[in-house]
Amino acid sequence: MSSTQQTLNIPELLDSILRHVPTRDLVINAQRVSRDWAATINYTPIIRQHGFRDQSTIVPEDARYQKNELAAFRIPDIFGVRYWLIRGRWGFRHEGPRDVSAMRLARTIRGKAQDWLNSQSKWRHLQVSLPSITKLRWEVTRLDRMDDALPDELPHAIAELNFPRGLRVGDLWDIISTTRGVHNVVWPTVRSQELHRPALVTDPVQQWRNVQDYQADSSFTLVLKQRVVDEDDYFEEDFDDTDREDEGYDNSDTHEDSLFQRLSLKTYFSLHNVQLLSLSVLEHAQPDAALNWTYTKVQDYPVRKLTTFAQFPFEPEI
(Lines give C-alpha, C1' and ligand atoms only; values in the text may rest on other atoms or scores of the structure.)
Protein backbone atom coordinates (compact mmCIF):
# COMPACT_ATOMS: atom_id res chain seq x y z
CA MET A 1 0.00 0.00 0.00
CA SER A 2 1.40 3.40 -1.00
CA SER A 3 1.93 6.23 1.48
CA THR A 4 -0.91 8.16 -0.20
CA GLN A 5 -3.31 5.28 0.29
CA GLN A 6 -2.21 4.90 3.90
CA THR A 7 -2.86 8.60 4.48
CA LEU A 8 -6.32 8.45 2.95
CA ASN A 9 -7.16 5.46 5.14
CA ILE A 10 -6.77 7.61 8.26
CA PRO A 11 -10.37 8.79 8.99
CA GLU A 12 -9.34 12.15 10.45
CA LEU A 13 -7.18 13.07 7.45
CA LEU A 14 -9.78 11.89 4.95
CA ASP A 15 -12.38 13.95 6.78
CA SER A 16 -10.16 17.04 6.58
CA ILE A 17 -9.50 16.53 2.85
CA LEU A 18 -13.14 16.00 1.92
CA ARG A 19 -14.17 19.27 3.55
CA HIS A 20 -12.26 21.10 0.81
CA VAL A 21 -13.64 19.10 -2.12
CA PRO A 22 -15.89 21.13 -4.48
CA THR A 23 -19.61 20.50 -4.08
CA ARG A 24 -20.07 18.80 -7.44
CA ASP A 25 -17.28 16.28 -6.76
CA LEU A 26 -18.44 15.73 -3.19
CA VAL A 27 -22.03 14.95 -4.20
CA ILE A 28 -21.33 13.01 -7.41
CA ASN A 29 -17.77 11.84 -8.00
CA ALA A 30 -16.01 11.38 -4.65
CA GLN A 31 -18.46 8.73 -3.47
CA ARG A 32 -17.39 6.49 -6.34
CA VAL A 33 -13.75 6.30 -5.21
CA SER A 34 -14.31 3.62 -2.57
CA ARG A 35 -16.76 2.37 0.02
CA ASP A 36 -14.79 4.14 2.75
CA TRP A 37 -15.05 7.45 0.93
CA ALA A 38 -18.76 6.94 0.33
CA ALA A 39 -19.35 6.07 3.99
CA THR A 40 -17.37 9.10 5.19
CA ILE A 41 -19.26 11.46 2.87
CA ASN A 42 -22.68 10.01 3.67
CA TYR A 43 -22.36 9.69 7.44
CA THR A 44 -20.05 12.49 8.61
CA PRO A 45 -22.30 15.42 9.66
CA ILE A 46 -19.86 18.24 8.87
CA ILE A 47 -19.13 16.84 5.39
CA ARG A 48 -22.84 16.40 4.70
CA GLN A 49 -23.27 20.07 5.59
CA HIS A 50 -20.42 21.16 3.32
CA GLY A 51 -22.09 19.17 0.54
CA PHE A 52 -25.41 21.02 1.11
CA ARG A 53 -27.05 17.75 2.13
CA ASP A 54 -28.05 18.75 5.69
CA GLN A 55 -29.14 21.94 7.39
CA SER A 56 -26.05 23.94 8.34
CA THR A 57 -24.90 27.01 10.24
CA ILE A 58 -21.49 27.08 8.55
CA VAL A 59 -20.63 30.60 7.33
CA PRO A 60 -18.01 31.11 4.56
CA GLU A 61 -14.96 33.16 5.51
CA ASP A 62 -15.36 35.83 2.83
CA ALA A 63 -19.16 36.15 2.41
CA ARG A 64 -22.49 36.10 4.27
CA TYR A 65 -23.37 32.82 2.60
CA GLN A 66 -22.66 30.59 -0.37
CA LYS A 67 -25.27 29.56 -2.92
CA ASN A 68 -25.43 25.89 -3.83
CA GLU A 69 -23.17 26.02 -6.88
CA LEU A 70 -24.25 22.63 -8.16
CA ALA A 71 -27.95 23.52 -8.18
CA ALA A 72 -27.22 27.06 -9.38
CA PHE A 73 -25.45 25.71 -12.45
CA ARG A 74 -28.43 23.52 -13.35
CA ILE A 75 -31.15 26.14 -12.72
CA PRO A 76 -29.36 29.52 -12.89
CA ASP A 77 -32.56 31.51 -13.45
CA ILE A 78 -33.79 30.59 -9.97
CA PHE A 79 -30.43 31.20 -8.28
CA GLY A 80 -29.72 34.53 -9.96
CA VAL A 81 -26.38 33.37 -11.37
CA ARG A 82 -25.01 33.85 -14.88
CA TYR A 83 -22.55 31.27 -16.23
CA TRP A 84 -20.40 31.43 -19.33
CA LEU A 85 -17.90 29.06 -20.91
CA ILE A 86 -14.45 30.42 -21.81
CA ARG A 87 -11.66 28.19 -23.09
CA GLY A 88 -13.20 25.12 -21.53
CA ARG A 89 -13.75 26.64 -18.08
CA TRP A 90 -16.93 27.98 -16.50
CA GLY A 91 -17.10 31.47 -15.09
CA PHE A 92 -20.01 33.01 -13.21
CA ARG A 93 -21.32 36.13 -11.53
CA HIS A 94 -24.31 36.96 -9.32
CA GLU A 95 -27.08 38.89 -11.05
CA GLY A 96 -30.45 40.38 -10.16
CA PRO A 97 -33.69 38.37 -10.21
CA ARG A 98 -35.00 37.07 -13.53
CA ASP A 99 -38.49 36.27 -14.74
CA VAL A 100 -39.08 32.53 -14.29
CA SER A 101 -42.07 30.22 -14.49
CA ALA A 102 -42.71 26.49 -14.90
CA MET A 103 -43.02 26.89 -18.67
CA ARG A 104 -39.84 28.99 -18.84
CA LEU A 105 -37.79 26.62 -16.68
CA ALA A 106 -38.54 23.77 -19.07
CA ARG A 107 -36.32 25.52 -21.64
CA THR A 108 -33.57 26.98 -19.43
CA ILE A 109 -32.62 24.12 -17.13
CA ARG A 110 -29.33 22.30 -17.62
CA GLY A 111 -29.58 18.52 -17.59
CA LYS A 112 -32.70 16.42 -18.03
CA ALA A 113 -35.77 18.43 -17.11
CA GLN A 114 -37.79 15.36 -16.13
CA ASP A 115 -35.29 14.57 -13.35
CA TRP A 116 -36.81 17.41 -11.37
CA LEU A 117 -40.21 15.73 -11.30
CA ASN A 118 -38.77 12.71 -9.48
CA SER A 119 -39.30 13.18 -5.75
CA GLN A 120 -36.28 10.96 -5.04
CA SER A 121 -33.88 12.98 -7.17
CA LYS A 122 -30.78 13.94 -5.17
CA TRP A 123 -30.87 17.52 -6.45
CA ARG A 124 -34.23 18.22 -4.80
CA HIS A 125 -32.97 17.38 -1.32
CA LEU A 126 -29.93 19.66 -1.31
CA GLN A 127 -29.92 22.88 0.73
CA VAL A 128 -30.05 26.03 -1.41
CA SER A 129 -27.27 27.71 0.55
CA LEU A 130 -24.57 27.47 3.19
CA PRO A 131 -25.53 28.40 5.91
CA SER A 132 -29.10 27.24 5.39
CA ILE A 133 -31.84 29.73 4.62
CA THR A 134 -34.90 28.99 6.75
CA LYS A 135 -37.18 31.96 6.00
CA LEU A 136 -39.01 32.84 2.80
CA ARG A 137 -41.19 35.87 2.15
CA TRP A 138 -43.73 35.18 -0.61
CA GLU A 139 -45.33 38.21 -2.27
CA VAL A 140 -48.22 37.63 -4.68
CA THR A 141 -49.56 40.26 -7.08
CA ARG A 142 -52.67 39.58 -9.15
CA LEU A 143 -52.50 41.71 -12.28
CA ASP A 144 -56.10 40.72 -13.04
CA ARG A 145 -57.34 42.17 -9.75
CA MET A 146 -55.91 45.66 -9.85
CA ASP A 147 -57.78 48.32 -7.90
CA ASP A 148 -57.47 51.87 -9.20
CA ALA A 149 -57.73 53.14 -5.63
CA LEU A 150 -54.68 51.16 -4.49
CA PRO A 151 -51.03 51.49 -5.60
CA ASP A 152 -50.12 49.10 -8.42
CA GLU A 153 -46.64 48.50 -6.96
CA LEU A 154 -47.91 46.75 -3.83
CA PRO A 155 -48.37 42.97 -3.61
CA HIS A 156 -51.91 41.79 -2.89
CA ALA A 157 -50.80 39.10 -0.43
CA ILE A 158 -47.67 38.51 1.65
CA ALA A 159 -46.93 35.11 3.21
CA GLU A 160 -44.12 34.49 5.69
CA LEU A 161 -42.88 30.89 5.49
CA ASN A 162 -40.53 28.97 7.75
CA PHE A 163 -38.54 25.89 6.72
CA PRO A 164 -37.38 24.24 9.97
CA ARG A 165 -35.03 21.80 8.21
CA GLY A 166 -33.60 24.49 5.91
CA LEU A 167 -34.84 25.60 2.50
CA ARG A 168 -34.07 22.86 -0.02
CA VAL A 169 -33.88 23.06 -3.79
CA GLY A 170 -37.04 20.98 -4.14
CA ASP A 171 -38.92 23.26 -1.73
CA LEU A 172 -38.22 26.31 -3.88
CA TRP A 173 -38.69 24.46 -7.15
CA ASP A 174 -42.14 23.17 -6.17
CA ILE A 175 -43.46 26.60 -5.17
CA ILE A 176 -42.60 27.94 -8.61
CA SER A 177 -43.77 24.89 -10.53
CA THR A 178 -47.11 24.62 -8.73
CA THR A 179 -48.14 28.27 -9.11
CA ARG A 180 -48.96 30.09 -12.30
CA GLY A 181 -47.53 33.37 -13.48
CA VAL A 182 -44.06 34.90 -13.37
CA HIS A 183 -41.71 34.66 -10.41
CA ASN A 184 -38.67 36.64 -9.30
CA VAL A 185 -36.39 35.09 -6.67
CA VAL A 186 -34.60 37.83 -4.71
CA TRP A 187 -31.58 36.50 -2.82
CA PRO A 188 -29.90 38.19 0.15
CA THR A 189 -26.79 40.14 -0.72
CA VAL A 190 -23.77 37.84 -0.76
CA ARG A 191 -21.31 40.20 0.91
CA SER A 192 -21.87 42.21 4.08
CA GLN A 193 -20.54 45.43 2.55
CA GLU A 194 -23.35 45.28 -0.04
CA LEU A 195 -26.04 45.50 2.65
CA HIS A 196 -27.12 49.13 3.15
CA ARG A 197 -29.91 50.71 5.15
CA PRO A 198 -32.66 52.15 2.95
CA ALA A 199 -32.53 55.85 2.21
CA LEU A 200 -35.53 57.96 3.16
CA VAL A 201 -37.77 58.89 0.24
CA THR A 202 -40.95 60.96 0.06
CA ASP A 203 -42.99 58.38 -1.83
CA PRO A 204 -44.67 56.21 0.89
CA VAL A 205 -45.04 53.21 -1.41
CA GLN A 206 -41.37 53.28 -2.42
CA GLN A 207 -40.37 53.82 1.20
CA TRP A 208 -42.41 50.78 2.24
CA ARG A 209 -40.78 48.76 -0.54
CA ASN A 210 -37.28 49.84 0.48
CA VAL A 211 -37.87 48.99 4.14
CA GLN A 212 -39.36 45.58 3.34
CA ASP A 213 -36.47 44.68 1.05
CA TYR A 214 -33.92 45.74 3.66
CA GLN A 215 -35.62 43.82 6.46
CA ALA A 216 -35.67 40.67 4.35
CA ASP A 217 -32.05 41.08 3.30
CA SER A 218 -30.74 41.82 6.79
CA SER A 219 -32.66 38.89 8.32
CA PHE A 220 -31.30 36.45 5.70
CA THR A 221 -34.73 35.90 4.16
CA LEU A 222 -35.29 34.77 0.58
CA VAL A 223 -38.00 36.77 -1.22
CA LEU A 224 -40.22 35.21 -3.88
CA LYS A 225 -42.19 37.78 -5.89
CA GLN A 226 -44.99 36.21 -7.93
CA ARG A 227 -47.02 38.08 -10.52
CA VAL A 228 -50.09 36.15 -11.65
CA VAL A 229 -50.34 36.93 -15.35
CA ASP A 230 -51.24 35.19 -18.58
CA GLU A 231 -47.91 33.48 -19.33
CA ASP A 232 -48.55 33.07 -23.05
CA ASP A 233 -48.97 36.83 -23.40
CA TYR A 234 -46.11 37.64 -21.05
CA PHE A 235 -43.61 35.39 -22.83
CA GLU A 236 -44.91 36.22 -26.29
CA GLU A 237 -41.41 36.28 -27.80
CA ASP A 238 -39.86 32.93 -28.64
CA PHE A 239 -37.04 31.75 -26.41
CA ASP A 240 -33.69 32.43 -28.04
CA ASP A 241 -31.80 29.14 -28.46
CA THR A 242 -28.80 30.79 -30.12
CA ASP A 243 -25.57 29.42 -28.67
CA ARG A 244 -27.47 27.77 -25.81
CA GLU A 245 -25.74 24.45 -26.48
CA ASP A 246 -22.41 26.05 -25.54
CA GLU A 247 -23.90 26.96 -22.16
CA GLY A 248 -25.02 23.42 -21.40
CA TYR A 249 -28.76 23.62 -22.17
CA ASP A 250 -30.22 20.52 -23.79
CA ASN A 251 -33.98 20.77 -23.28
CA SER A 252 -34.96 22.68 -26.40
CA ASP A 253 -37.46 19.94 -27.24
CA THR A 254 -39.06 19.88 -23.79
CA HIS A 255 -42.74 20.83 -23.81
CA GLU A 256 -43.12 24.25 -22.20
CA ASP A 257 -45.85 23.09 -19.83
CA SER A 258 -44.27 19.78 -18.84
CA LEU A 259 -42.79 21.01 -15.55
CA PHE A 260 -46.01 22.51 -14.19
CA GLN A 261 -47.22 20.43 -11.24
CA ARG A 262 -50.86 20.26 -10.25
CA LEU A 263 -50.15 20.20 -6.54
CA SER A 264 -52.36 22.03 -4.06
CA LEU A 265 -50.72 24.38 -1.58
CA LYS A 266 -52.26 22.40 1.27
CA THR A 267 -50.45 19.30 0.01
CA TYR A 268 -47.27 21.29 -0.60
CA PHE A 269 -47.14 22.57 2.99
CA SER A 270 -47.68 19.05 4.31
CA LEU A 271 -45.15 17.29 2.05
CA HIS A 272 -42.40 19.84 2.59
CA ASN A 273 -42.99 20.39 6.31
CA VAL A 274 -43.43 24.12 5.74
CA GLN A 275 -44.84 26.46 8.38
CA LEU A 276 -47.04 29.35 7.24
CA LEU A 277 -46.22 31.87 9.95
CA SER A 278 -48.50 34.62 8.70
CA LEU A 279 -50.50 35.82 5.70
CA SER A 280 -51.34 39.48 5.15
CA VAL A 281 -53.57 40.88 2.43
CA LEU A 282 -53.73 44.36 0.93
CA GLU A 283 -56.88 46.27 1.84
CA HIS A 284 -58.29 49.76 1.86
CA ALA A 285 -57.44 51.71 5.01
CA GLN A 286 -59.87 53.58 7.21
CA PRO A 287 -61.03 56.94 5.81
CA ASP A 288 -59.07 58.94 8.40
CA ALA A 289 -55.79 57.02 7.91
CA ALA A 290 -52.68 58.74 6.60
CA LEU A 291 -52.45 56.23 3.75
CA ASN A 292 -55.31 54.77 1.72
CA TRP A 293 -53.92 51.21 2.01
CA THR A 294 -52.95 48.77 4.73
CA TYR A 295 -52.14 45.11 5.27
CA THR A 296 -54.41 42.93 7.40
CA LYS A 297 -53.42 39.53 8.77
CA VAL A 298 -55.63 36.60 7.82
CA GLN A 299 -56.76 34.70 10.91
CA ASP A 300 -58.94 31.94 9.46
CA TYR A 301 -57.85 29.38 6.85
CA PRO A 302 -54.71 31.23 5.66
CA VAL A 303 -53.60 28.41 3.31
CA ARG A 304 -56.96 28.46 1.58
CA LYS A 305 -56.77 32.24 1.25
CA LEU A 306 -53.23 32.08 -0.11
CA THR A 307 -54.40 29.52 -2.67
CA THR A 308 -56.97 31.97 -4.07
CA PHE A 309 -54.16 34.45 -4.73
CA ALA A 310 -51.29 32.21 -5.85
CA GLN A 311 -52.87 29.23 -7.61
CA PHE A 312 -56.21 30.17 -9.15
CA PRO A 313 -55.76 30.69 -12.89
CA PHE A 314 -55.51 34.11 -14.43
CA GLU A 315 -58.87 35.81 -14.80
CA PRO A 316 -59.03 37.48 -18.23
CA GLU A 317 -60.80 40.77 -18.62
CA ILE A 318 -64.32 40.53 -20.04
Side-chain angles (χ1 to χ4, degrees), residues 77-78 80 96-105 133 135-163 167 171-188 205-206 208-213 215-217 219 221-235 259-272 274-285 293-317:
D77 285 356
I78 289 181
R98 304 175 190 172
D99 291 341
V100 297
S101 69
M103 62 178 285
R104 194 71 166 178
L105 286 173
I133 290 177
K135 294 178 288 186
L136 185 142
R137 176 186 173 94
W138 185 0
E139 301 180 357
V140 185
T141 302
R142 298 283 309 208
L143 299 187
D144 56 332
R145 299 182 188 177
M146 288 299 184
D147 187 332
D148 292 338
L150 296 174
D152 295 342
E153 300 87 350
L154 295 175
H156 293 103
I158 302 174
E160 302 288 347
L161 309 184
N162 181 53
F163 296 81
L167 180 63
D171 299 334
L172 185 56
W173 173 275
D174 284 351
I175 289 184
I176 295 175
S177 63
T178 59
T179 54
R180 284 300 196 184
V182 181
H183 305 75
N184 294 141
V185 183
V186 183
W187 291 80
V205 175
Q206 186 59 52
W208 178 90
R209 179 76 276 168
N210 293 346
V211 171
Q212 295 298 313
D213 290 344
Q215 289 178 347
D217 195 354
S219 62
T221 299
L222 193 71
V223 180
L224 178 65
K225 299 182 179 181
Q226 177 191 0
R227 302 190 304 282
V228 182
V229 298
D230 188 319
E231 296 168 44
D232 290 331
D233 291 341
Y234 191 89
F235 293 118
L259 297 187
F260 180 72
Q261 303 182 74
R262 288 166 175 80
L263 184 71
S264 71
L265 289 188
K266 181 179 179 180
T267 302
Y268 169 83
F269 281 109
S270 176
L271 289 177
H272 291 266
V274 183
Q275 299 171 346
L276 177 57
L277 301 180
S278 67
L279 175 66
S280 302
V281 297
L282 180 64
E283 295 182 345
H284 292 276
W293 53 272
T294 187
Y295 281 95
T296 304
K297 285 192 175 182
V298 176
Q299 303 296 333
D300 299 324
Y301 307 106
V303 175
R304 182 185 302 176
K305 187 69 173 180
L306 178 59
T307 299
T308 65
F309 282 99
Q311 281 203 309
F312 280 7
F314 182 80
E315 300 172 4
E317 296 182 1

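Note: hydrogens, waters and symmetry copies are ignored here, and every other heavy atom, side chains too, is used. Everything quoted here is computed from the prediction, not taken from an experiment.
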With a 6.0 Å cut-off on ring centres, are Trp138 and Phe309 close enough? no
Nearest heavy atoms of Ala157 and Leu279, plus distance in Å: CB-CD1, 4.2 Å
Report the C-alpha separation of Val205 and Trp293 in whole Å, then their side-chain angles, then the decisive distance to 0.1 Å, and conclude whether the side-chain contact (heavy atoms from CB on, under 4.5 Å) test is met. CA-CA 10 Å; Val205 175; Trp293 53 272; 4.0 Å; yes
Output the distance between atom CG (Leu265) and atom OG1 (Thr307), rounded to the nearest 0.5 Å. 4.0 Å
Nearest 0.5 Å please: distance from the CG atom of Asn210 over to the CD atom of Gln206. 4.5 Å
Does the Asn184 side chain pair with the main chain of Pro97, one donor and one acceptor, at a distance under 3.5 Å? no
Donor-acceptor check, side chain of Thr267 to backbone of Leu263, threshold 3.5 angstrom: yes or no? no
Would you confirm whether Trp187, through its side chain, and Ile78, through its main-chain N or O, come within 3.5 Å as a donor-acceptor pair? yes
Counting only heavy atoms not in Lys305 (residues, nucleotides, ligands), do more than 12 fall under 6.0 Å from its NZ? no
Taking C-beta and beyond as the side chain, do Val281 and Val298 meet within less than 4.5 Å on heavy atoms? yes
Once rounded to the nearest 0.5 Å, what's the spacing between atom CG of Leu271 and atom OG of Ser264? 8.5 Å
All heavy atoms of Leu224 vs all of His183, minimum pair found to be CD1-CB, 3.9 Å
With rounding to the nearest 0.5 Å, note down the distance linking OG in Ser280 to NZ in Lys297. 6.0 Å
Pairing donors with acceptors under 3.5 angstrom, does anything connect the side chains of Gln212 and Arg137? yes
Salt bridge check: are Arg209 and Glu139 linked by an N-O gap of less than 4.0 Å? yes
Less than 4.5 Å apart, side chain to side chain, heavy atoms only: is that true for Val140 and Val228? yes
Gap between atom CG of Leu136 and atom CD of Gln275 - 0.5 Å precision: 13.0 Å
side-chain contact (heavy atoms from CB on, under 4.5 Å) between Val185 and Arg98, worked out: CA-CA 7 Å; Val185 183; Arg98 304 175 190 172; over 6 Å; no
Of the non-hydrogen atoms in Asp147 and Asp152, which two are nearest, and what is the gap between them? O-OD1, 4.4 Å
Mark yes or no for whether Gln226, through its side chain, and Ala310, through its backbone, hold a donor-acceptor pair below 3.5 Å. yes
Considering all heavy atoms, the nearest Pro188-Thr221 contact: CG-O, 3.8 Å
From Thr141 atom OG1 to Arg145 atom CZ, the distance as rounded to the nearest 0.5 Å: 11.5 Å
Minimum heavy-atom distance His284-Ala149, with the two atoms named: CE1-CB, 3.5 Å
For Thr179 and Gln311, does a side-chain donor sit closer than 3.5 Å to a side-chain acceptor? no
Main-chain N/O of Leu282 paired to His156 side chain as donor or acceptor, under 3.5 Å: no
Checking Val186 against Leu222 for the side-chain contact (heavy atoms from CB on, under 4.5 Å) test, could you report, in this order, the C-alpha distance in whole Å, the side-chain angles of both residues, the deciding distance, and whether it holds? CA-CA 6 Å; Val186 183; Leu222 193 71; over 6 Å; no
Answer yes or no: is there a side-chain heavy-atom contact under 4.5 Å between Tyr295 and Pro155? yes
Donor-acceptor contact present, side-chain Tyr268 to main-chain Asp171, <3.5 Å: yes
Please check: side-chain N/O of Lys135 versus main-chain N/O of Leu161, any donor-acceptor pairing under 3.5 Å? no
Ignoring hydrogens, what is the shortest heavy-atom contact between Leu276 and Pro302? Give both atom names and the distance. CD2-CB, 3.7 Å
